[in-house]
Amino acid sequence: MKLDALDDRQREAAAHGDEPLLIVAGAGTGKTTTLAHRVAHLIDRGVRPERILLVTFARRAAAELLRRVDGLLNGGARGRAASGRVWGGTFHAVATRLLRLHGEHIGLHPGFTIHDRADSEDLLDVLRAELDLARGDRRFPRKATCADIYSRCVNAREPLGTLLDRGFPWCKEHEDGLKLLFRTYTDRKAEQNVLDFDDLLVFLDGLLADPAAGPIVRGRFDAVLVDEYQDTNALQADLLERLRPSGRGLTVVGDDAQAIYSFRAATVRNILDFPLRYPGARSVVLTQSFRSTPTLLEATNRVIAQARERHAKELWSARPGGERPELVTCRDEEQQSELVIERVLARREQGMDLRRQAVLFRASHHSAQLEIELGRRGIPFRKYGGLRFLEAAHVRDLLAFLRLLENPRDLVAGTRVLSLLPGIGPHIARALLDPVVAHGGFAPWRAARPPAAAAPRWPALVAMCEELSAPHGPALPVQVHRVRDFYAPLCEARYDHADARLRDLEQLEHAAAAFTDRSTMLAELTLDPPQSTQELAGPPSLDDDYLVLSTIHSAKGLEFDATYVIHAADGNIPSDLATGRPEEIDEELRLFYVALSRARDHLTVLFPLRWYDRPAGVGGKHSYAQLTRFLPPAVRAAFDERAAAPEALRAEALPTVESGVSAEIRKRMHDLWS
DNA sequence: GGGATGAGATTTTTT
DNA sequence: ATCTCATCCC
C-alpha cells in the first residue's frame, strides 16, 4: 500500500495504528483522500472489508469514498470488491441494517417500517387531536414544533424541562401536555411496529447495551471510521462509544469550524471533547488546503477568525496566488441573477463546465428568482436542498400505499391511503384500519362496509392490497405499476397538474427495478431521498452539464471551481430566525464560512440592496438590506468590492443624504420631547 | 363525520 | 404563499 501521494500529516493519519484517532481536517485539506487511504491501509494490513464500518453524513459520500478505496487497492487482489463489502452509510442507514439483522434479540420485529419526519409529524398531529391538547385558550405548539422538541430531546439526551427552558421557552407552559403527547407517541409507534429516525439510533443504542446482543454486534467490526464528526449529536457519540468502548479502532474526522447542524441537536462538543472521552487518543490536524488559492484562503481565514469559540487554525496553500474574491453590491434580486448568469456563461465560454460552478444560498427559496431566470434562458441546472422529490404529496401518497402493503399496521400510511377515497376522513379511516391492525392483514376489509362515496373503488382496493401483500407477490415494478393504476384517477380528482405528477410516479416505477425488494426500496428512499426527479431517474451522464444550485447545508463537503454566494444580506446570512443567542450567530458564521470555502479558484459574494419580504405580489413590498455582519471592513479588505450598477444605486437605492428640509423636520420632532 | 370555505398566523437548514 | 383552525352545510 503506497501512501506517497499524501503529505506528512495525512500519511501519519492514514497509517495510524489502533489507538483512537481524531483527524481535524480544515476545508479542502484532503480529508476524503486521507480517509480513503486509511481504509485502504487497513484492508492492506489484513482487516477484512466487511469488518470495517464507515459512517458518513450522506450515502453519496460513502459511495464516493469506497470508489476511491477500490482505486487505491486495484493492484492487490484483496481490494477488488472492497466497496461492496465495507459497511458504509449514514448512522441511520447502518442502524437500519443492524436492527433488521439483530433487532429480534431485543424484541424488535425485523419487518418494521420507517417513519420520516413528515410521517412523525402526521402521527403527532393525530395524537394531539386525540388527546384533545389543542383545547384550551393557550395555543398548543404546532406539529412541526412538537416533532422538533421531541427529536431534540432524544438526540441531545436532554430532559424535556431543561430543553424547553433553553430552546423553546414559549412552549414551557405546555410541558405536561407535551410529556403526555410524547408518551402516547412512543406507545403508538410500538403498536404499529414503526420506527422513526430517532428510534433507529435509540434502538441501536439499546441493542448495543444489551448484555447478550451487544457483544455480537460489536464483534462484527474491527474498525469504525466516522466522517463529519463535528455534526454528530450526543446520542451518536454514545453509540460510537458502545461500538468501540475503549476507542481502539475508532477514527473520527471533522472540522469544528464547519459545524452547521446544531438545529438537529448536533454538538461541536463531540469533536472538541474527543481527546477527553478517549484518553490516549491521537490528534492530527490538517491545515494545508489543496483546494483554494492563497488569495481565497486569505479571505476565508479572516471570516472564520470572527468566531467566538473555536480551535484556531490557519489554512495555507502551496498553490500560486490567484484571483481575489469579489463582493458585488446589486440593486436588487433581478440584477443579482443577471450578474450570476453573466459570470457563469462567461466562464463556460472559457471552458469551465457548468457543473464545476455552484450558486449557494442560506434558505431554499432564495434561489426562486434565479431558477425562473435560468429556466427562461434555457440554462440547465440542478437544485439541491429544500423541497425534495419525496415531499411532494403525490409521491408521499404512492409510498404510503407501498408502506401499508409492507406493514398493514402502519396507521399513518393506512390513514393517508384511505383518506384518498371520497367520503373517507380520519375517523372512518381509523374504524376501517383497526381490524386490519388487529388481524395483521387485509382480510377484514372483504366484508367491510365503506361509505357510499367510496364503495365503487373499494373492491379494487381490497383486491390489490391482498394480492400485493401476499408473501410471494409480483415483482416490485409491477407492484408500483398496479398501485399507480389504482391511484391515477384519485390523483386527477385531487390535485392540479395531475399529468405531471403521474409522470413523476412513472419515474418511481422505473426506479423500483433497481431495488431488491419493497422493504429495501422504502427504507432507502426514506433514509436517503433523491434530491430531485432527475436524480431518481439515475446518475447524470458525463456529457450532461448543469449549473449547481444548492443550500449551503447541502453543499457541505463539495467543492467547485467557481462559487457564487447570493443574498449575503443580514437577515439572510445570518438568518433573522437564528440571531437570538450568540451560539446561534456563531453557527451562522460557520455556515457562511462553509459557503465561501467551497471555492477552488473563483469566489463571488453578491448582495442585493433591495429585498422583497414577500414573494412579489401587487405593489411589491420591499425594504433596503444591510450587508451581512460577517463582512466588516477588516474582512472586506480581502475582497474586491464593486457595485453592479453605480448609477442605478445613486438614483434610487441610497437616499441617505438628507435635504435641509428633512433635517429641520427631524430637529423639530426631536425637540418635541425635550 | 366529511369536506369546502375563509380568517389568521407563520415563514431555515435535514437524517 | 402555505399551514392551521373554526365554521358551516351536506
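Basis for what follows: all heavy atoms, side chains included, without hydrogens, waters or symmetry-related copies. Every chain is numbered from 1, with letters handed out A, B, ... down the list of sequences. Fair warning: this is a prediction, and the values are worked out from it, not measured in the lab.
F91(A) comes within 4.0 angstrom of no nucleic acid atom, judged by non-hydrogen atoms across all strands.
Figure legend: R100(A) and F112(A) shown as a cation-pi pair, the cationic atom lying under 6.0 angstrom from the six-membered ring centre and within 45 degrees of its axis. Geometrically, R244(A) does not engage F221(A) in a cation-pi contact defined by less than 6.0 Å to the ring centre and at most 45° from the axis.
We find that NE2 of H567(A) is positioned 13 Å from P of dT13(B), with the value rounded to whole Å. Remark: C1' of dT12(B) and CG of L360(A) are 16 Å apart, rounded to the nearest angstrom. What separates CZ of F203(A) from P of dT15(B) is a distance of 22 Å, to the nearest Å. Nucleotide dT12(B) holds its P atom 14 Å from the CZ atom of R152(A), rounded to whole Å. Distance, N233(A) CG to dT15(B) C1': 10 Å, rounded to whole Å. Protein atom CD1 of I585(A) is 17 Å distant from nucleotide atom C1' of dT13(B), rounded to whole Å. As a whole-Å value, the separation of E228(A) CD from dT14(B) C1' is 14 Å. Y261(A) places its OH atom 15 Å from the P atom of dT12(B), with the value rounded to the nearest Å.
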Collect all protein-nucleotide pairs involving nucleotides 1-4 of chain B in which both atoms are nitrogen or oxygen and the distance is under 3.5 Å.
{"from": "dG2(B)", "atom 1": "OP1", "to": "G425(A)", "atom 2": "N", "distance (Å)": "3.0"}
{"from": "dG2(B)", "atom 1": "OP1", "to": "G425(A)", "atom 2": "O", "distance (Å)": "3.1"}
{"from": "dG2(B)", "atom 1": "OP1", "to": "H427(A)", "atom 2": "N", "distance (Å)": "3.2"}
{"from": "dG2(B)", "atom 1": "OP1", "to": "I428(A)", "atom 2": "N", "distance (Å)": "3.0"}
{"from": "dG2(B)", "atom 1": "OP2", "to": "H427(A)", "atom 2": "ND1", "distance (Å)": "3.3"}
{"from": "dG3(B)", "atom 1": "OP1", "to": "G423(A)", "atom 2": "N", "distance (Å)": "2.5"}
{"from": "dG3(B)", "atom 1": "OP2", "to": "I424(A)", "atom 2": "O", "distance (Å)": "3.2"}

Are there any protein N/O atoms within less than 3.5 Å of an N/O atom in nucleotides 2-5 of chain C, and if so, which ones and at what distance?
{"from": "dC5(C)", "atom 1": "OP1", "to": "R128(A)", "atom 2": "NH2", "distance (Å)": "3.4"}
{"from": "dC5(C)", "atom 1": "OP2", "to": "R128(A)", "atom 2": "NH2", "distance (Å)": "3.4"}

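Under the salt bridge (charged side-chain N to carboxylate O under 4.0 Å, His left out) criterion, the residue pairs touching residues 262-272 of chain A are R269(A)-D273(A), R269(A)-E309(A), with sequence neighbours excluded.
The closest side-chain donor-acceptor pair between H567(A) and E333(A) falls under 3.5 angstrom.
Within the structure, every side-chain polar atom (N or O) of T551(A) is placed at least 4.0 Å from both OP1 and OP2 of dT12(B).
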Kindly list each side-chain donor-acceptor pair under 3.5 angstrom involving residues 90-98 of chain A, sequence neighbours excluded, with atom names and distances?
{"from": "T90(A)", "atom 1": "OG1", "to": "H92(A)", "atom 2": "N", "distance (Å)": "3.4"}
{"from": "T90(A)", "atom 1": "OG1", "to": "A93(A)", "atom 2": "N", "distance (Å)": "3.0"}
{"from": "T96(A)", "atom 1": "OG1", "to": "H92(A)", "atom 2": "O", "distance (Å)": "2.8"}

When the side chains of residues 147-156 of chain A are checked against the rest of the protein, which donor-acceptor pairs come out under 3.5 Å, sequence neighbours left out?
{"from": "Y150(A)", "atom 1": "OH", "to": "K189(A)", "atom 2": "NZ", "distance (Å)": "3.0"}
{"from": "S151(A)", "atom 1": "OG", "to": "N155(A)", "atom 2": "ND2", "distance (Å)": "3.2"}
{"from": "S151(A)", "atom 1": "OG", "to": "D198(A)", "atom 2": "OD1", "distance (Å)": "3.1"}
{"from": "S151(A)", "atom 1": "OG", "to": "D198(A)", "atom 2": "OD2", "distance (Å)": "2.9"}
{"from": "N155(A)", "atom 1": "OD1", "to": "N233(A)", "atom 2": "ND2", "distance (Å)": "3.0"}
{"from": "N155(A)", "atom 1": "ND2", "to": "S151(A)", "atom 2": "O", "distance (Å)": "2.9"}
{"from": "N155(A)", "atom 1": "ND2", "to": "D198(A)", "atom 2": "OD1", "distance (Å)": "2.9"}

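Contacts of E130(A) classified as salt bridge (charged side-chain N to carboxylate O under 4.0 Å, His left out), with partners at least two apart in sequence or in another chain: R188(A), R430(A).
The base of dT13(B) sits within donor-acceptor range of the side chain of R362(A), with an N or O pair under 3.5 Å.
DNA chain B is contacted by both T145(A) and D198(A); T145(A) maps to the nucleotide lying nearer its 5′ end (nearest heavy atom per residue).
For D231(A) (side chain) and Y261(A) (main-chain N/O), a donor-acceptor pair under 3.5 Å exists by modelled atom type. Distance alone, capped at 3.5 Å, places no donor-acceptor pair between the Q369(A) side chain and the S337(A) backbone.
Ring-base stacking between F57(A) and dT15(B) is not satisfied when judged by a centre separation under 5.5 Å and a plane angle under 30°.
Going from the P atom of dT4(C) to that of dT13(B) covers 16 Å, rounded to whole Å.
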